[in-house]
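Working notes for the structure below.
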Amino acid sequence: MAEQLGARFFARDVVDVARELIGMTLFRDGVGLRITETEAYKWPPDTACHAKAGITERTAPLFGPPGRAYVYLCYGIHNLLNLVTGEDGQAQAVLVRACAPLQGLDIVAERRGGKRGPSALDGPGKVGQALALDTGWSHHDVTRRGGLEVRRGEPPRGLLVGPRIGIDYALEEHRVLPWRFAEADCRWVSHRKRLRPLGTVATMPA
DNA sequence: CGTCAGATGATC
DNA sequence: ATCATCTGACGC
(Lines give C-alpha, C1' and ligand atoms only; values in the text may rest on other atoms or scores of the structure.)
Protein backbone atom coordinates (compact mmCIF):
# COMPACT_ATOMS: atom_id res chain seq x y z
CA MET A 1 0.00 0.00 0.00
CA ALA A 2 1.23 3.50 -0.78
CA GLU A 3 3.07 5.50 1.84
CA GLN A 4 0.90 7.68 4.05
CA LEU A 5 2.00 11.32 4.10
CA GLY A 6 3.49 12.44 7.42
CA ALA A 7 3.43 15.70 9.35
CA ARG A 8 6.71 16.73 7.69
CA PHE A 9 5.02 16.88 4.29
CA PHE A 10 2.41 19.31 5.58
CA ALA A 11 4.77 21.42 7.72
CA ARG A 12 5.83 23.58 4.76
CA ASP A 13 4.53 26.62 2.92
CA VAL A 14 0.93 26.16 1.85
CA VAL A 15 1.57 27.04 -1.80
CA ASP A 16 4.20 24.31 -2.14
CA VAL A 17 1.97 21.78 -0.40
CA ALA A 18 -1.04 22.71 -2.53
CA ARG A 19 0.96 22.14 -5.70
CA GLU A 20 2.46 18.85 -4.50
CA LEU A 21 -0.86 17.46 -3.29
CA ILE A 22 -1.97 17.11 -6.91
CA GLY A 23 -1.80 13.37 -7.59
CA MET A 24 -1.88 12.37 -3.91
CA THR A 25 -4.79 10.24 -2.75
CA LEU A 26 -7.46 10.52 -0.08
CA PHE A 27 -8.75 7.36 1.57
CA ARG A 28 -11.61 6.80 3.93
CA ASP A 29 -13.63 3.72 4.60
CA GLY A 30 -13.51 2.02 1.22
CA VAL A 31 -13.42 5.21 -0.86
CA GLY A 32 -10.21 6.30 -2.59
CA LEU A 33 -9.87 9.60 -4.46
CA ARG A 34 -6.99 11.09 -6.44
CA ILE A 35 -6.58 14.82 -5.76
CA THR A 36 -6.80 16.74 -9.03
CA GLU A 37 -7.37 20.35 -7.94
CA THR A 38 -6.32 22.40 -4.90
CA GLU A 39 -6.15 25.97 -3.62
CA ALA A 40 -3.82 27.58 -1.08
CA TYR A 41 -5.00 29.92 1.70
CA LYS A 42 -2.70 31.71 4.13
CA TRP A 43 -3.31 34.46 6.70
CA PRO A 44 -1.59 36.84 6.82
CA PRO A 45 -1.86 38.52 4.39
CA ASP A 46 -4.44 36.63 2.30
CA THR A 47 -7.84 38.22 2.93
CA ALA A 48 -9.54 35.24 1.27
CA CYS A 49 -8.45 33.03 4.17
CA HIS A 50 -10.99 32.33 6.88
CA ALA A 51 -8.29 32.88 9.49
CA LYS A 52 -8.41 36.63 8.90
CA ALA A 53 -11.35 36.82 11.35
CA GLY A 54 -9.15 35.40 14.08
CA ILE A 55 -9.37 32.23 16.11
CA THR A 56 -12.96 31.03 16.53
CA GLU A 57 -14.41 27.63 17.22
CA ARG A 58 -14.75 27.06 13.49
CA THR A 59 -11.33 28.33 12.38
CA ALA A 60 -9.27 26.98 15.27
CA PRO A 61 -7.84 24.05 13.24
CA LEU A 62 -6.28 26.54 10.79
CA PHE A 63 -4.04 27.85 13.56
CA GLY A 64 -3.12 24.40 14.84
CA PRO A 65 -0.48 21.85 13.86
CA PRO A 66 -0.01 20.73 10.22
CA GLY A 67 -1.60 17.58 8.91
CA ARG A 68 -5.00 18.24 10.46
CA ALA A 69 -8.29 18.58 8.62
CA TYR A 70 -10.28 21.81 8.59
CA VAL A 71 -13.84 21.03 7.48
CA TYR A 72 -16.49 23.72 7.36
CA LEU A 73 -20.05 24.01 6.13
CA CYS A 74 -20.37 26.23 3.08
CA TYR A 75 -23.67 27.84 2.07
CA GLY A 76 -25.43 25.64 4.57
CA ILE A 77 -25.10 22.62 2.29
CA HIS A 78 -21.55 21.62 1.45
CA ASN A 79 -18.78 20.36 3.69
CA LEU A 80 -15.45 21.55 2.31
CA LEU A 81 -12.20 19.75 3.12
CA ASN A 82 -8.97 21.59 3.87
CA LEU A 83 -5.61 20.19 4.97
CA VAL A 84 -3.68 22.38 7.42
CA THR A 85 -0.07 23.25 6.50
CA GLY A 86 2.88 25.25 7.85
CA GLU A 87 4.19 25.34 11.39
CA ASP A 88 1.94 25.08 14.42
CA GLY A 89 0.58 28.57 15.09
CA GLN A 90 0.55 29.66 11.47
CA ALA A 91 -2.80 29.88 9.68
CA GLN A 92 -2.55 28.01 6.39
CA ALA A 93 -4.56 25.34 4.64
CA VAL A 94 -5.07 23.68 1.28
CA LEU A 95 -8.64 23.41 -0.02
CA VAL A 96 -9.25 20.18 -1.95
CA ARG A 97 -11.38 21.35 -4.87
CA ALA A 98 -11.66 18.25 -7.05
CA CYS A 99 -10.77 14.56 -7.19
CA ALA A 100 -10.82 11.62 -9.58
CA PRO A 101 -12.57 8.59 -8.12
CA LEU A 102 -10.25 5.57 -7.71
CA GLN A 103 -11.92 3.17 -5.29
CA GLY A 104 -15.42 2.68 -3.98
CA LEU A 105 -17.16 4.07 -7.04
CA ASP A 106 -20.40 2.44 -6.01
CA ILE A 107 -20.25 4.02 -2.56
CA VAL A 108 -19.54 7.43 -4.06
CA ALA A 109 -22.39 7.11 -6.52
CA GLU A 110 -24.78 6.16 -3.74
CA ARG A 111 -23.71 9.11 -1.58
CA ARG A 112 -24.18 11.41 -4.53
CA GLY A 113 -27.71 10.14 -4.95
CA GLY A 114 -27.05 8.87 -8.46
CA LYS A 115 -27.29 12.44 -9.70
CA ARG A 116 -25.73 13.99 -12.72
CA GLY A 117 -23.16 11.43 -13.77
CA PRO A 118 -22.08 8.62 -11.47
CA SER A 119 -19.20 10.34 -9.71
CA ALA A 120 -18.31 13.78 -11.00
CA LEU A 121 -16.07 15.13 -8.26
CA ASP A 122 -15.27 18.43 -9.97
CA GLY A 123 -15.97 20.74 -7.06
CA PRO A 124 -15.13 20.93 -3.34
CA GLY A 125 -18.68 20.24 -2.19
CA LYS A 126 -18.76 17.03 -4.19
CA VAL A 127 -15.46 15.89 -2.68
CA GLY A 128 -16.83 16.36 0.83
CA GLN A 129 -19.96 14.48 -0.12
CA ALA A 130 -18.01 11.59 -1.70
CA LEU A 131 -16.01 11.19 1.52
CA ALA A 132 -19.11 11.70 3.68
CA LEU A 133 -17.38 14.43 5.68
CA ASP A 134 -18.95 16.90 8.07
CA THR A 135 -17.60 19.49 10.48
CA GLY A 136 -17.02 16.77 13.04
CA TRP A 137 -13.92 15.89 10.99
CA SER A 138 -12.29 19.21 11.75
CA HIS A 139 -9.11 18.68 13.81
CA HIS A 140 -8.80 15.10 12.52
CA ASP A 141 -5.12 14.13 12.12
CA VAL A 142 -4.74 12.83 8.57
CA THR A 143 -1.18 11.69 9.29
CA ARG A 144 -2.60 9.22 11.76
CA ARG A 145 -3.53 5.73 10.70
CA GLY A 146 -7.28 5.26 10.27
CA GLY A 147 -10.20 7.53 9.50
CA LEU A 148 -9.28 9.93 6.70
CA GLU A 149 -5.76 9.36 5.32
CA VAL A 150 -3.61 10.96 2.62
CA ARG A 151 -1.25 8.71 0.70
CA ARG A 152 1.34 9.16 -2.00
CA GLY A 153 0.05 8.61 -5.55
CA GLU A 154 1.05 8.71 -9.19
CA PRO A 155 2.65 12.11 -9.93
CA PRO A 156 0.68 14.20 -12.45
CA ARG A 157 2.02 14.46 -15.99
CA GLY A 158 1.44 18.19 -16.00
CA LEU A 159 0.10 20.99 -13.83
CA LEU A 160 -2.21 23.93 -14.42
CA VAL A 161 -2.30 27.12 -12.37
CA GLY A 162 -4.76 29.99 -12.05
CA PRO A 163 -6.62 32.33 -9.70
CA ARG A 164 -8.78 30.94 -6.92
CA ILE A 165 -12.53 30.57 -7.25
CA GLY A 166 -15.39 32.11 -5.29
CA ILE A 167 -13.48 34.69 -3.27
CA ASP A 168 -14.99 37.95 -4.54
CA TYR A 169 -15.06 39.17 -0.94
CA ALA A 170 -11.24 39.29 -0.82
CA LEU A 171 -8.98 42.20 -1.79
CA GLU A 172 -8.08 42.41 -5.49
CA GLU A 173 -4.40 41.79 -4.79
CA HIS A 174 -5.32 38.45 -3.23
CA ARG A 175 -8.03 37.50 -5.72
CA VAL A 176 -5.46 37.43 -8.54
CA LEU A 177 -2.87 35.29 -6.77
CA PRO A 178 -2.05 32.12 -8.78
CA TRP A 179 -2.73 29.87 -5.83
CA ARG A 180 -4.97 27.34 -7.56
CA PHE A 181 -3.47 24.16 -9.00
CA ALA A 182 -4.90 21.36 -11.11
CA GLU A 183 -3.79 18.28 -12.98
CA ALA A 184 -3.34 18.85 -16.70
CA ASP A 185 -5.44 16.86 -19.19
CA CYS A 186 -7.79 15.81 -16.44
CA ARG A 187 -11.54 15.54 -16.65
CA TRP A 188 -12.05 16.10 -12.93
CA VAL A 189 -11.30 19.80 -12.64
CA SER A 190 -13.68 22.70 -11.99
CA HIS A 191 -13.67 26.05 -13.83
CA ARG A 192 -11.11 24.73 -16.29
CA LYS A 193 -11.21 27.82 -18.46
CA ARG A 194 -9.38 30.04 -16.01
CA LEU A 195 -6.33 27.77 -15.81
CA ARG A 196 -3.06 27.89 -17.76
CA PRO A 197 -0.09 25.50 -17.90
CA LEU A 198 2.33 25.97 -15.01
CA GLY A 199 5.80 27.09 -15.99
CA THR A 200 4.76 28.96 -19.10
CA VAL A 201 4.65 32.74 -19.43
CA ALA A 202 1.53 34.37 -20.77
CA THR A 203 2.20 36.08 -24.11
CA MET A 204 0.24 38.62 -26.08
CA PRO A 205 -1.14 37.54 -29.47
CA ALA A 206 1.07 38.69 -32.37
C1' DC B 1 -21.85 27.26 -24.80
C1' DG B 2 -23.44 31.09 -21.42
C1' DT B 3 -25.70 33.49 -17.24
C1' DC B 4 -28.79 33.37 -13.20
C1' DA B 5 -31.48 32.54 -9.05
C1' DG B 6 -32.72 29.65 -5.18
C1' DA B 7 -31.54 26.35 -1.74
C1' DT B 8 -29.89 26.19 3.03
C1' DG B 9 -27.94 26.74 7.80
C1' DA B 10 -23.73 27.62 10.73
C1' DT B 11 -21.22 31.50 11.91
C1' DC B 12 -20.07 36.12 13.73
C1' DA C 1 -26.11 39.52 6.63
C1' DT C 2 -22.75 36.71 4.86
C1' DC C 3 -20.88 32.74 2.50
C1' DA C 4 -13.87 29.04 -0.42
C1' DT C 5 -21.22 25.87 -3.78
C1' DC C 6 -24.38 23.17 -6.62
C1' DT C 7 -28.18 22.49 -9.56
C1' DG C 8 -31.64 23.18 -12.81
C1' DA C 9 -33.72 26.48 -15.88
C1' DC C 10 -33.50 29.20 -19.72
C1' DG C 11 -31.21 31.77 -23.81
C1' DC C 12 -28.03 31.65 -27.80
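Note on naming: letters A, B, ... go to the chains in the order of the sequence lines (proteins, then strands), and numbering restarts at 1 for each one.
On the nucleic acid side, DNA chain B contacts chain A at distances under 4.0 Å to non-hydrogen atoms, with the end points of that region at dG2(B) to dC12(B).
In this structure, Arg164(A) reaches neither bases nor backbone, as no heavy-atom distance under 4.0 Å exists between it and the strands shown. Heavy atoms of Ile167(A) sit under 4.0 angstrom from primed sugar atoms or phosphate atoms, though from no base atom.
A cation-pi arrangement is present between Arg12(A) and Phe9(A), with the terminal nitrogen or guanidinium carbon under 6.0 Å from the aromatic centre and inside a 45° cone about the axis.
Between the CG atom of Asp168(A) and the C1' atom of dT2(C) there is a distance of 13 Å, given to the nearest Å. If you take CG of Leu81(A) and C1' of dT5(C), they are 15 Å apart, rounded to a whole angstrom. Regarding Tyr41(A), its OH atom lies at a distance of 12 Å from the C1' atom of dC3(C), rounded to whole Å. To the nearest angstrom, P of dA4(C) lies 19 Å from CG of Asp122(A). If you take NE2 of His191(A) and C1' of dC6(C), they are 10 Å apart, rounded to a whole angstrom. We find that CZ of Arg111(A) is positioned 19 Å from C1' of dC6(C), with the value rounded to whole Å. When rounded to the nearest whole Å, the span between CZ of Arg97(A) and P of dA4(C) equals 11 Å. Atom pair His78(A):NE2 and dA4(C):P shows a separation of 13 Å (rounding to whole Å applied).
Of the charged side-chain nitrogens involved, none lies within less than 4.0 Å of a carboxylate oxygen, so that Glu39(A) and Arg164(A) do not count as a salt-bridged pair. Salt bridge Lys42(A)/Asp13(A): present, at least one basic N to carboxylate O contact under 4.0 Å.
Within residues 43-59 of chain A, the residues that place at least one heavy atom under 4.0 Å from DNA chain B are, in residue-number order, Thr56(A), Arg58(A). A heavy-atom distance below 4.0 Å to DNA chain C is reached by these residues of residues 68-77 of chain A, ordered by number: Tyr72(A), Cys74(A), Tyr75(A).
Side-chain atoms of Arg111(A) never come within 3.5 Å of backbone atoms of Gln129(A) as a donor-acceptor pair (strictly under, hydrogens ignored). With Glu110(A) contributing its side chain and Ile107(A) its backbone, the two residues share no donor-acceptor pair below 3.5 Å. Counting only distance, with no hydrogens or angles, the side chain of Tyr169(A) and the backbone of Ala48(A) share a donor-acceptor pair below 3.5 Å. No donor-acceptor pair under 3.5 Å is formed between the side chain of Thr36(A) and the backbone N or O of Val189(A). Formation of a donor-acceptor pair under 3.5 Å by the Glu37(A) side chain with backbone atoms of Phe181(A) is not found in this model.
Each of Arg97(A), Arg157(A), Arg192(A), Arg34(A) was checked for a salt bridge (Lys or Arg N to Asp or Glu O under 4.0 Å) with Glu183(A), and the lone residue meeting it is Arg34(A). When Thr38(A), Leu95(A), Leu81(A) are each tested for a side-chain contact (heavy atoms from CB on, under 4.5 Å) with Pro124(A), only one passes: Leu95(A).
Leu159(A) meets the side chain to side chain contact (heavy atoms under 4.5 Å, CB included) test with Arg19(A), Ile22(A), Pro156(A), Leu198(A); sequence neighbours excluded.
Defined by atom type and a distance below 3.5 Å, a donor-acceptor pair is missing between the side-chain atoms of His50(A) and Thr59(A). The closest side-chain donor-acceptor pair between Arg151(A) and Thr25(A), if any, does not fall under 3.5 angstrom.
A sub-4.0 Å separation between OP1 or OP2 of dA4(C) and a side-chain N or O of Arg180(A) is absent.
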Side-chain donor-acceptor contacts of residues 136-148 of chain A below 3.5 Å, not counting sequence neighbours, with atom names and distances?
from, atom 1, to, atom 2, distance (Å)
Ser138(A), OG, Val71(A), N, 2.8
Ser138(A), OG, Val71(A), O, 3.0
His140(A), NE2, Leu148(A), N, 3.3
His140(A), NE2, Leu148(A), O, 3.1
Asp141(A), OD1, Thr143(A), N, 2.9
Asp141(A), OD1, Thr143(A), OG1, 2.6
Asp141(A), OD2, Thr143(A), OG1, 3.4

- prompt: For DNA chain C, what string of dots and brackets results from 5' to 3' when Watson-Crick and G-U pairs need both distances under 3.5 Å, crossing pairs get [ ], and pairs with another strand get |?
  reply: |||.|||||||.

